[in-house]
Amino acid sequence: MSISQSIFKAYDIRGIVKQDLSPKNVNLIGLAIGSESIAKGERNVVVGRDGRLSGVDLMQALKVGLQESGCHIVDIGMVPTPLVYFATYTKISTSGVMITGSHNSPEYNGFKIIIAGETLSSERIQALYQRIQISNFSSGHGTSIKMDIEQDYIERITRDVKLDRSLSIIVDAGNGIAGNIAPKLFEQLGAKVTKLFCLVDGNFPNHHPDPSKLHNLEDIIKKVKSTGADMGFAFDGDGDRLGLIDNKGNVIWADRQMMLYSRDILKRNQGAKIVFDVKCSSLLPKDIVQHGGKAIMSRTGHSFIKAKLKEINAALGGEMSGHIFFKERWYGFDDALYTGSRLLEILSKTKKTCTEVFAELPDNINTPEINIHFDEQGQQFDAMNKLAKNIDFPNAKITTIDGVRIDYKNSWGLVRPSNTTPCLVLRFEADDEKILKKIQEKFKAWLKNNDILIDF
């Protein structure tokens, strides 16, 4: 088969449209997913797509493959990723496929896959590639029906989440698919919504829909400040990651949001387990424990965190990139729309501003993600393997579940390989600037000793 193994990634399948994702290849992917689902006892498969221009053609090719495998399709149309997850919990299927390129540029697209209730990652995704290589497909004559679940989803959230007062928010969808539903949802909750780039456009003409990058937040920061809004919500392309801007225009990263969500959940659920990824602040687990919770560190990646959440029956999960997973009162999948709803609920119960609420939470000096880029996919893993064999940080706590994280009493640093792009990702945090510089210098020397040069 001509399909490239490189598009079968750690959390999903992702590649360049027409080049990697030709109609023939997507048809094979559909056959493999359908065959795997049937092997796990689930013949029904929910399918949805984001607003990318290639989505219509990919949906058609995928559906042909799924039907040829003998699967019955529930087509829920153009929706955010969380609605596909929602459908697998509430409709006639526990398997689903979301066609999305997530935060990649417009020429990319891909597939997030749930089979019999499990979001696929790592070996399970590679198993689909192996099926294709040996043509291990089931065969049959599947059917396809269309279903609109948007109102069911909104009604489920509005039954659960109640605001004590109205709040004004800016919603920046970055022309991604969340623009179709987020304003409606928040208005039905009772918020006053000002839309920014909410018209779905797969060219992403205003800025890229990735709220983890500061330059993509410039427009919403200006809008929050100029309108005097209570806060701003920025969404990624498929609506499973949330960026938060407070009323003064400050970015509140996901690990600090997690402190607020954790405290709220722990008021009702003492001893609850809360999962966070290796990129999160060291202040987060300390805060969880101080408020009666159990803090568990996980590998980065929405599939891995979801699996950990399920394995240990945690009440909440989150990662630095903005994926937040509420299990308490919700289903345990990453959902930026529901996360925004819960944030509104918490803030509506206080007279304090968003800035004041987060100012009361612990904070430290930290860096955004620092990337070391390589020419080809895979080189980041070779570099990481070399680094992992030469760890030299005396008296530090060393964590190697995902790259290498070095924790000291007053600082920490992380280097890990990206699973989606050819780069190493670094992040640092410390009690003050002097200590931050000190740990960065230690990392710089370690990287240099392993022939990796960087200037930060």
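None of the values given here were measured: they were computed from a predicted structure.
Taking OG from Ser262 and CG from Leu316, the interatomic distance works out to 5.0 Å, rounded to the nearest 0.5 Å. With values rounded to the nearest 0.5 angstrom, Asp57 atom CG is found 14.5 Å from Arg52 atom CZ. With rounding to the nearest 0.5 angstrom, the OG1 atom of Thr300 is 11.0 Å from the CZ atom of Phe276. Here the straight-line distance linking atom CD1 of Ile170 with atom CG of Asn247 works out to 11.5 Å at 0.5 Å rounding.
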Derivation of the side chain to side chain donor-acceptor pair (under 3.5 Å) call for Ser282 and Glu429: CA-CA 8 Å; Ser282 61; Glu429 181 181 82; 3.1 Å; yes
CA sep, side-chain torsions, deciding dist, call: Tyr85, Lys306, side chain to side chain donor-acceptor pair (under 3.5 Å): CA-CA 12 Å; Tyr85 296 147; Lys306 242 176 293 198; 3.1 Å; yes
Stepwise ring pair (Phe, Tyr, Trp, His ring centres under 6.0 Å) test for Tyr338 and Phe333: CA-CA 10 Å; Tyr338 183 74; Phe333 56 77; 8.3 Å; no
Criterion side chain to side chain donor-acceptor pair (under 3.5 Å) on Asn206 and Asp219, from CA distance to verdict: CA-CA 9 Å; Asn206 294 288; Asp219 293 310; over 6 Å; no
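Residues Lys248 and Lys225 come closest through the heavy atom pair O-CE, 3.3 Å. Summarising the geometry of Asn419 relative to Tyr11, their closest heavy-atom pair is ND2-OH, 3.1 Å, with the distance given to 0.1 Å. Taking every heavy atom of both residues into account, Arg299 and Asp277 meet most closely at O-CB, 4.1 Å. Nearest approach of Gly403 to Pro417, heavy atoms of both residues: CA-CD, 4.1 Å. Across all their heavy atoms, Ile305 and Gly318 have their closest contact at CD1-O, 3.7 Å. Closest approach of Val275 and Ala314 over heavy atoms only: CG2-CB, 3.8 Å.
For an aromatic pair to be called close, the ring centres must be under 6.0 Å apart, and Tyr331 with Phe326 fails this. When ring centroids are compared, Phe443 and Phe428 come within the 6.0 Å threshold.
With sequence neighbours excluded, the residues forming a side-chain hydrogen bond (donor to acceptor under 3.5 Å, both in side chains) with Ser54 are Asn109, listed by chain and number.
For the pair Glu345 (side chain) and Leu163 (backbone), a donor-acceptor distance under 3.5 Å is absent. Asp20 places a side-chain N or O within 3.5 Å of a backbone atom of Ile16 that can act as its donor or acceptor partner. Using modelled atom types, no side-chain atom of Asp12 and backbone atom of Phe111 make a donor-acceptor pair closer than 3.5 Å. Using a distance-only test at 3.5 Å, with no hydrogens or angles considered, no donor-acceptor pair links the side chain of Asn203 to the main chain of Pro205. Counting only distance, with no hydrogens or angles, the side chain of Gln380 and the backbone of Leu424 share no donor-acceptor pair below 3.5 Å. Remark: the backbone N or O of Trp412 is not paired with any side-chain donor or acceptor of Arg405 at under 3.5 angstrom. Here the side chain of Ser348 pairs a donor or acceptor atom with the backbone of Asp164 at under 3.5 angstrom. Although no hydrogens or angles enter the test, the distance criterion places a donor-acceptor pair under 3.5 Å between the side chain of Asp246 and the main chain of Gly249.
More than 12 heavy atoms of other residues, nucleotides or ligands shown are found within 6.0 angstrom of NZ on Lys349. Heavy atoms from other residues, nucleotides or ligands lying under 6.0 Å from NZ of Lys9 number more than 12. Residue Lys438 qualifies as open at atom NZ: its count of foreign heavy atoms under 6.0 Å is 12 or below. Applying the 6.0 Å contact sphere to NZ of Lys223 captures no more than 12 heavy atoms from other residues, nucleotides or ligands.
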Counting only pairs under 3.5 Å, give me each side-chain donor-acceptor contact of residues 96-104, with atom names and distances, residues two or more places apart or in other chains.
residue, atom, partner, partner atom, Å
Thr100, OG1, Asp50, OD2, 2.8
Thr100, OG1, Ser102, N, 2.8
Asn104, OD1, Arg14, NH1, 2.5

Indicate every side-chain donor-acceptor pair of residues 209-218 with a distance under 3.5 Å to a residue at least two apart or in another chain.
residue, atom, partner, partner atom, Å
Asp210, OD1, Ser212, N, 3.1
Asp210, OD1, Ser212, OG, 2.7
Asp210, OD1, Arg241, NH1, 3.2
Asp210, OD1, Arg241, NH2, 3.0
Asn216, ND2, His208, O, 3.4
Asn216, ND2, Asp210, O, 2.9

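Asn44 and Ser93 share no side-chain donor-acceptor pair at under 3.5 Å. Counting only N and O atoms by type, the side chains of Tyr153 and Asp335 include a donor and acceptor under 3.5 Å apart. Using modelled atom types, one finds no donor on one side chain facing an acceptor on the other under 3.5 Å when comparing Ser121 with Ser303.
The closest side-chain heavy-atom distance from Met231 to Ile245 is not below 4.5 Å.
Salt bridge status for Glu360 with Lys352: present, with a side-chain N to carboxylate O gap under 4.0 Å. With respect to Lys409 and Asp431, no salt bridge is recorded, no charged nitrogen being found less than 4.0 Å from a carboxylate O.
Partner of Ile265 under the side-chain contact (heavy atoms from CB on, under 4.5 Å) criterion, chosen from Lys327, Gln270, Arg342: Arg342.
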